[in-house]
**Student:** 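Dumping the structure here so I can ask a few things about it.
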Amino acid sequence: MSEPKSSARSVPKPALEAVMADKAGNPLRRALWLDAMDRQLRPHLPPALASRCRLANVDGEHLVFLVESPVWHAKVRVAENQLLDAARSIGLKATRVTVKTATARAHSPVPDEPRRSTVSATTHKGLRDALDALKDVKSTRS
């Protein structure tokens, strides 16, 4: 019997690399490119807008921004010329802006303050009792 050579075995590709190598990876490549454009554009935006809008699409010379409320929709409209200038400064040939209001908050790379979750005393006691029970089960099996 001959032993299989280690070089004959195929090494699996990492998942991201495998997806990106195929035509099926085009939407993922597009999403990554849009995210990169958004990150480049953000420092050129007025500070108030930078945290409240997100570049959602680039279609030729047309930029689409996503905001979280009608108030920010209006503010982006007022700053349209600034947005176009900022987009041109990073190499986009932008001539038109569309603003869309999302029902859910647009993802922002600017992290929000961490949220604290409060657990009731009853829940805390229940979790502690469950852990103690698991420790008892583990010690009886040892």
Side-chain angles (χ1 to χ4, degrees), residues 1 3-94 96-142:
M1 289 187 165
E3 293 182 31
K5 295 181 180 178
S6 60
S7 61
R9 292 183 195 159
S10 65
V11 177
K13 293 180 183 178
L16 182 60
E17 185 180 323
V19 169
M20 296 293 273
D22 193 52
K23 186 178 179 181
N26 287 346
L28 183 56
R29 276 190 285 282
R30 173 80 174 161
L32 291 170
W33 178 80
L34 279 170
D35 186 58
M37 290 295 103
D38 181 63
R39 281 185 273 119
Q40 286 180 22
L41 188 59
R42 194 167 297 284
H44 299 280
L45 300 178
L49 286 181
S51 64
R52 298 297 184 167
C53 71
R54 178 163 176 82
L55 181 64
N57 197 16
V58 177
D59 186 9
E61 297 177 351
H62 182 195
L63 303 178
V64 179
F65 284 90
L66 192 59
V67 296
E68 61 189 51
S69 72
V71 171
W72 290 106
H73 186 281
K75 289 183 181 198
V76 169
R77 275 275 155 238
V78 169
E80 183 174 342
N81 288 333
Q82 253 182 306
L83 293 170
L84 290 170
D85 290 341
R88 290 181 196 121
S89 76
I90 64 166
L92 296 173
K93 297 178 181 179
R96 195 173 82 177
V97 171
T98 296
V99 185
K100 296 192 176 200
T101 304
T103 54
R105 184 166 185 230
H107 165 73
S108 174
V110 179
D112 290 336
E113 290 184 25
R115 295 180 184 168
R116 291 187 176 190
S117 102
T118 57
V119 177
S120 72
T122 305
T123 302
H124 188 69
K125 183 184 180 314
L127 289 171
R128 187 172 291 158
D129 291 345
L131 284 172
D132 289 341
L134 287 172
K135 287 178 188 174
D136 291 342
V137 169
K138 185 177 177 184
S139 65
T140 57
R141 290 187 179 173
S142 300

**Student:** Can you measure from CG (L127) to OG1 (T122) and round to the nearest 0.5 angstrom?
**Tutor:**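 These two atoms lie 11.0 Å from each other.
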**Student:** D59: which residues meet the side-chain hydrogen bond (donor to acceptor under 3.5 Å, both in side chains) condition with it, sequence neighbours left out?
**Tutor:**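 So D59 forms no side-chain hydrogen bond (donor to acceptor under 3.5 Å, both in side chains) with any residue.
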**Student:** Among residues at least two apart in sequence or on other chains, which ones pass side-chain hydrogen bond (donor to acceptor under 3.5 Å, both in side chains) with E61?
**Tutor:**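 Checked E61 against side-chain hydrogen bond (donor to acceptor under 3.5 Å, both in side chains); matches are T95.
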**Student:** Side-chain contact, heavy-atom cut-off 4.5 Å: N57 with R30?
**Tutor:**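 SC-SC contact between N57 and R30 confirmed.
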**Student:** Quick check: do L63 and L83 have side-chain heavy atoms less than 4.5 Å from each other?
**Tutor:**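 Answer no - side chains too far apart.
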**Student:** With sequence neighbours left out, write down each residue that passes side-chain hydrogen bond (donor to acceptor under 3.5 Å, both in side chains) with K125, or none if nothing qualifies.
**Tutor:**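 K125: side-chain hydrogen bond (donor to acceptor under 3.5 Å, both in side chains) contacts with D129.
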**Student:** Distance check, rounded to the nearest 0.5 Å: R54 atom CZ versus R39 atom CZ?
**Tutor:**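 The distance works out to 8.5 Å.
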**Student:** Side chains of W72 and V99, heavy atoms from C-beta outward: is any pair under 4.5 Å?
**Tutor:**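 Counting from C-beta outward, W72 and V99 never come under 4.5 Å.
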**Student:** Are any of the side-chain heavy atoms of F65 and T98 separated by less than 4.5 Å?
**Tutor:**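 Sidechains of T98 and F65: no contact.
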**Student:** Using 0.5 Å steps for rounding, measure from the CG atom of L34 to the CG atom of L41.
**Tutor:**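 That separation rounds to 11.5 Å.
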**Student:** Taking only residues two or more places apart in sequence, or in another chain, which ones meet E80 in a side-chain hydrogen bond (donor to acceptor under 3.5 Å, both in side chains)?
**Tutor:**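 Here the qualifying residues are R77.
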**Student:** If the condition is side-chain contact (heavy atoms from CB on, under 4.5 Å), which residues does S89 pass it with, not counting sequence neighbours?
**Tutor:**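 With sequence neighbours excluded, S89 shows a side-chain contact (heavy atoms from CB on, under 4.5 Å) to H44, given in chain and number order.
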**Student:** What residues form a salt bridge (Lys or Arg N to Asp or Glu O under 4.0 Å) with R96, not counting sequence neighbours?
**Tutor:**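 Salt bridge (Lys or Arg N to Asp or Glu O under 4.0 Å) check on R96 returns nothing, list empty.
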**Student:** Give, for atom CG of L55 and atom CE of M37, the distance between the pair rounded to the nearest 0.5 Å.
**Tutor:**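 Interatomic distance, L55 CG to M37 CE, rounded to 0.5 Å: 8.5 Å.
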**Student:** Between T101 and P70, which heavy-atom pair has the shortest distance, and what is it?
**Tutor:**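 In this case the closest contact between T101 and P70 is CG2-N, 4.0 Å.
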**Student:** Check the pair R128 / D132 against salt bridge (Lys or Arg N to Asp or Glu O under 4.0 Å), numbers first and verdict last.
**Tutor:** CA-CA 6 Å; R128 187 172 291 158; D132 289 341; over 6 Å; no
